[in-house]
Amino acid sequence: ARSVAELVALAKARPGELNFGSSGIGSSNHLAGAVFAATAGVELTHIPYRGNADMVNDLVAGRLHMVFSGLPPVLPLVQAGALRPLLVCGPARVAAIAETPTVAEVGLAGAEAISFYGVVAPAGTPAPVLARLEQALRVVLGREDVRAIYRNLGSEAQAASPAEFSALIASERAKWSGVIRRYGIKPG
């Protein structure tokens with residue numbers, strides 16, 4: 001498939017025959033694939049891996065039909081022409097693959113899935129310590145050389161306050177726990 005529309009048509013013509021890899025049962029990649037399949041109205045077979053390396057190797061070798069993955073593990077292969085990105089699962093296009101549409105742009109609003117990393121501290125950390133840590137992180141993430149490293153990995157460096165990050169974690173937890181219950185995803 002050269003587009004999401006072609007992929008969906010192929011999957012509808014071959015229910016359950018197309019597979020997708022993820023970095024493990026219950027991983028963000030697995031959940032993204034489950035939400036994509038449900039939103040697109042297709043049946044895909046999930047193949048869990050114990051991480052990204054073997055999954056990506058099997059995709060390149062043709063043993064997998066597709067993967068739902070963060071960009072860093074696959075970006076070099078996309079840039080080399082070995083893999084074709086069809087979709088960005090986040091709410092906005094990604095600069096490193098700017099021509100790749102988002103789920104909303106291809107008519108699959110509601111299938112958004114983001115990956116994020118953050119810095120957390122133990123509960124009860126004094127507010128002044130959290131404020132100093134936040135300020136230091138804002139300085140580092142504001143540096144152009146650091147931002148360039150993130151961009152080269154296909155990501156964006158963003159700073160958030162502890163309250164903003166806590167709200168993001170809470171909203172993502174609520175969203176994905178609902179998906180896990182809805183689709184009956186159980187630990188392997």
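Small disclaimer: the values here were computed from a predicted structure and weren't measured. Position 1 is the first residue of the sequence; numbering continues from there.
Side-chain contact check for Ile114 versus Glu172: some heavy-atom pair is nearer than 4.5 Å. Contact of the Phe165 side chain with the Val119 side chain is not registered, since no non-hydrogen atoms from C-beta on lie closer than 4.5 Å. Considering only heavy atoms from C-beta on, Cys89 stays 4.5 Å or farther from Glu112 through its side chain.
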Evaluate the side chain to side chain contact (heavy atoms under 4.5 Å, CB included) criterion for residues Leu83 and Leu59: first the C-alpha distance (whole Å), next the side-chain angles of each, then the deciding distance (0.1 Å), finally the verdict.
CA-CA 8 Å; Leu83 296 177; Leu59 178 65; 3.5 Å; yes
Verify side chain to side chain contact (heavy atoms under 4.5 Å, CB included) between Leu108 and Thr102, making sure each step is shown before the conclusion.
CA-CA 9 Å; Leu108 297 173; Thr102 67; over 6 Å; no
Decide side chain to side chain contact (heavy atoms under 4.5 Å, CB included) for Glu144 and Arg151; before the verdict, give the C-alpha distance in whole Å, the side-chain angles of both, and the deciding distance to 0.1 Å.
CA-CA 10 Å; Glu144 184 49 40; Arg151 277 193 303 274; 2.2 Å; yes
Intermediate values then yes/no, side chain to side chain contact (heavy atoms under 4.5 Å, CB included), Phe36 and Leu87:
CA-CA 10 Å; Phe36 170 85; Leu87 185 65; 3.7 Å; yes
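Ring centroid separation for the pair Phe20 and His46 comes in under the 6.0 Å cut-off.
At least one donor-acceptor pair under 3.5 Å links the side chain of Ser27 to the backbone N or O of Gly24. In this structure, Arg84 contributes its side chain and Val78 its backbone to no donor-acceptor pair below 3.5 Å.
Leu71 CG to Ser115 OG: the interatomic distance, rounded to the nearest 0.5 Å, is 10.0 Å. Interatomic distance, OG of Ser69 versus CG of Leu77, reported as 10.0 Å (0.5 Å rounding).
Val35 and Ile180 fall within the same hydrophobic cluster, where Ile, Leu, Val, Met, Phe, Trp and Tyr residues are linked whenever their side-chain heavy atoms come under 4.5 Å apart, directly or through other members.
The existence of a salt bridge linking Glu105 and Arg93 is confirmed by a sub-4.0 Å separation between a basic side-chain nitrogen and an acidic carboxylate oxygen.
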